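Below, each value reflects all heavy atoms present in this structure, side chains not excepted, and no hydrogens, waters or symmetry copies. In this text the structure is predicted, and so the values were computed from the model without any measurement.
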Amino acid sequence: MAANGKDHPFEIVSKVWPIKTAKCENRKVEVFNRADPEQLKEIFLKYASVVEDGEHYMTYRDLIQKYLNFLGENCDEFTLKLFASSVDTSRDGKISFTEFQAFEAVLCLPDAMYALAFQVFDRNGNGYLSCDEFEDIIKHTTLNREIPFNFSSEFIKLHFGKDKQRKITYPEFTQLIHDFHEEHALQAFRRRDKGDTGYINAKDFEEIMCKLKSYLLTPFVKENLVTVAMGGGHRQISYSYFTAFVSLLNNLELVQKVYLACTRRDKTMEVTKEEMLYQAQEFAQITPLEIDILFQLVGLKHQTGRVTFEDITDLSPAEGRETPYSIQMRIAQEKLALEQGTERTIFLEVLESVYRFTLGSIAGATGATAVYPIDLVKTRMQNQRTGPMVGELMYKNSWDCFKKVIRHEGVLGLYRGLGPQLVGVCPEKAIKLTMNDLMRDKLTRKDGSIPLWAEMIAGGTAGASQVMFTNPLEIVKIRLQVAGEVHGKAKVSAFTVIKELGFMGLYKGSRACFLRDIPFSAIYFPAYANTKKALADENGYNSWGTLLLSATIAGMPAAAIPTPADVIKTRLQVQARTGQTAYNGVIDCIRKIYKEEGGWAFWKGTPARVFRSSPQFGVTLLTYEVLQRLFYVDFGGRRPEGSEPQATQLEKQLSRNPDHIGGYRLALATFNGMESKFGLCLPKFKSSIQT
């Protein structure tokens, strides 16, 4: 090209600088906004450790290690300088605020990985790439150390000229780095084909694929490379098979289109090999050999002789791959959810609350019914007083109580009081779940994270909000549950209990109810949210099993710790019989229980409470989240966390550091993306090997 190289260091930055002249009509470019210059300046000054002539500068370590946390203390010096010099366009060893800001603009580009890779290769910053610069970087990669690349090949001459003196531009570089992988694999095949027969052995095939094409391999494919290659009974792998295997993995999205054409977009149908071959005739890029390899791979999973859409998807490494674009879209979705959460109309917020309330009611009824017999046993154990009383049934333990209820009252006795419980539990759980979600939405930070204290406040608020509604229903339920303990007494119904207590009596024990429900929810909901994250799969997705397990585990400490408050509440709400101690408020109840029965009495019924609350909330939360997935309605808020697969280890890639703003939230994903997409696997740690 005739253009002068002096003007080219700013070519990439000029795509977005100034923003007004570089604005693109494509919506994908606009989903991620640039950082506020003033805020970016404050962050820059926070990390800049060098001051010269009144100007602040970042060192290479300030940027890469301290700010981005990309390389550790024992990092490879060449790699550190390589990455940092891509920001230091002046190549003076210091990073000014202007360069820091310009790099943030690069990270916001839709082709950020290519742009960053070009700046890494362009060592002198003149806007052109020479063969020496390209060779210098490639020789430093770990892939080249394992399988050296031949820089005297025709491939290099075609790009850089016969004498390797030609310099290439950024657009040409994007094609060079894209094709480089295929050439490297071809050279590796030829090097292992000692007799020029066009064949290599299975172990060589596995080595080439694992070292040079690892970004195309899912764990399943990687584990079965030799098995599938030897599946046809051949000891040697032909060049045709090798290229077809690579082409198949590169074109799985196209294979999915072939499948959908076969099934008329029905993703549940099973397709035979013959049907795929027939349909593939319309797609010139897919060969019969590639279809054959596809069925060999799927055949290792099941022997049906057919493939489904899910089978093809499972072979694709693109599912869950971390890329700046996937991170960018995730950030955009979070930002959109936050913006809509603050700008939504009251009508939409009310509709969302009604929606959550409805699903919470169904979930609450399901959970309560599942564990109601345990709840009845828990209540009777907590109400049991020490000392012999005529006509009083004494229980040795929860299991003894369970057996005696069935013996004296029948199986239906285990469900005594279920009617009022269902009437109450629907709004109770609905209020609790709705308020927790609402408060979490309000307390979520702008970066989408929520601190533990905010989770506890959201849970505690949810627990407090339910008491005013549920206390009357619970006192009725408790009196019905203990009514069967005394024989010969007139039949007790919910109506007679309400009539006897009166309106104010329905709130007896409400203080103790607050003491129980606020700590319960403050413990339960944060524990559930964090356990759910810990049990999610590598893509951040929670299955029905992990949802149930998370909710059940979280319910154990949440149910056990507030047991003393639950005992006090039960004693206050149950009508004392002749000869039993009566209580006048929470303090009086605590004093008398301790004096008459000892401190252990406050923990009565703890096992039954844990065995009831833990599975009940397990079933309730499972039902609630599954209903939200099955009947999802977009009100402009956020989907439940863990309901959709995310990129592998997305939370590590999606920086939560509040100092990472604008494009810098994509920095780690962009640097790592260069490795996974371009094979630029640079050594991260110091090595004794000299380069």
Side-chain angles (χ1 to χ4, degrees), residues 359-379 381-382 398 402 421 424-426 428-437 439-440 452 455-467 470 474 477 513-536 542-567 569-570 602-628 640-642:
L359 298 187
S361 298
I362 299 171
T366 304
T369 303
V371 299
Y372 189 80
I374 303 175
D375 185 41
L376 181 134
V377 171
K378 182 269 302 182
T379 301
M381 287 298 299
Q382 289 181 338
S398 297
F402 180 81
Q421 173 75 344
V425 80
C426 291
E428 173 197 347
K429 294 299 184 288
I431 290 171
K432 182 179 288 189
L433 294 170
T434 302
M435 282 301 299
N436 178 67
D437 285 348
M439 290 301 296
R440 285 180 70 91
L452 180 61
E455 289 184 302
M456 295 181 69
I457 288 177
T461 304
S465 65
Q466 74 175 53
V467 174
T470 59
E474 188 149 336
K477 178 202 73 172
C513 209
F514 275 113
L515 290 176
R516 179 197 64 178
D517 289 342
I518 292 176
F520 177 92
S521 297
I523 296 169
Y524 181 77
F525 286 109
Y528 170 66
N530 289 282
T531 306
K532 188 170 71 167
K533 282 184 181 178
L535 295 179
N542 286 102
S543 65
W544 290 22
T546 58
L547 287 176
L548 178 60
L549 184 59
S550 301
T552 303
I553 291 174
M556 293 178 182
I561 294 173
T563 296
D566 195 42
V567 171
K569 178 194 71 68
T570 300
F602 290 105
W603 299 96
K604 284 184 177 181
T606 299
R609 178 170 163 78
V610 171
F611 287 130
R612 188 269 294 178
S613 295
S614 187
Q616 178 182 0
F617 270 85
V619 174
T620 299
L621 265 295
L622 171 64
T623 306
Y624 184 62
E625 295 227 16
V626 169
L627 287 174
Q628 288 187 85
E641 194 166 357

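Defined by atom type and a distance below 3.5 Å, a donor-acceptor pair is missing between the side-chain atoms of Asn436 and Tyr524.
Atom CZ of Phe617 is separated from atom OG1 of Thr620 by 6.0 Å, given to the nearest 0.5 angstrom. With rounding to the nearest 0.5 angstrom, the CG atom of Asp566 is 11.0 Å from the CG atom of Leu515. Remark: Lys604 NZ to Phe602 CZ distance equals 10.5 Å, nearest 0.5 Å. Distance check: Tyr624 OH to Thr434 OG1 gives 5.0 Å after rounding to the nearest 0.5 Å. Rounding to the nearest 0.5 Å gives a distance of 4.0 Å between CD1 of Ile561 and CD1 of Ile523. Distance check: Thr531 OG1 to Leu547 CG gives 11.5 Å after rounding to the nearest 0.5 Å.
Listed by first and then second residue, the salt bridge (Lys or Arg N to Asp or Glu O under 4.0 Å) pairs that reach into residues 455-466 are Arg440-Glu455, sequence neighbours excluded.
The side-chain hydrogen bond (donor to acceptor under 3.5 Å, both in side chains) test applied to Tyr528 returns Glu625, not counting sequence neighbours.
Heavy atoms only, all atoms of each residue included: Lys432 and Ser521 are closest at CE-OG, 3.5 Å. Taking both residues in full, the closest heavy atoms of Phe514 and Pro519 are given as O-CD, 3.7 Å, listed atom of the first, atom of the second, then distance.
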Output a table of donor-acceptor pairs, distance under 3.5 Å, between side-chain atoms of residues 549-558 and any protein atom two or more places apart or on a different chain; print 'none' if there are none.
residue	atom	partner	partner atom	Å
Ser550	OG	Thr546	O	2.6
Thr552	OG1	Leu548	O	2.7

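Residues Phe525 and Met439 have side chains not in contact (no heavy-atom distance under 4.5 Å, counting atoms from C-beta outward).
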If you apply the rule side-chain contact (heavy atoms from CB on, under 4.5 Å), what do you find for Phe520 with Thr563, and how did you get there? CA-CA 9 Å; Phe520 177 92; Thr563 296; over 6 Å; no

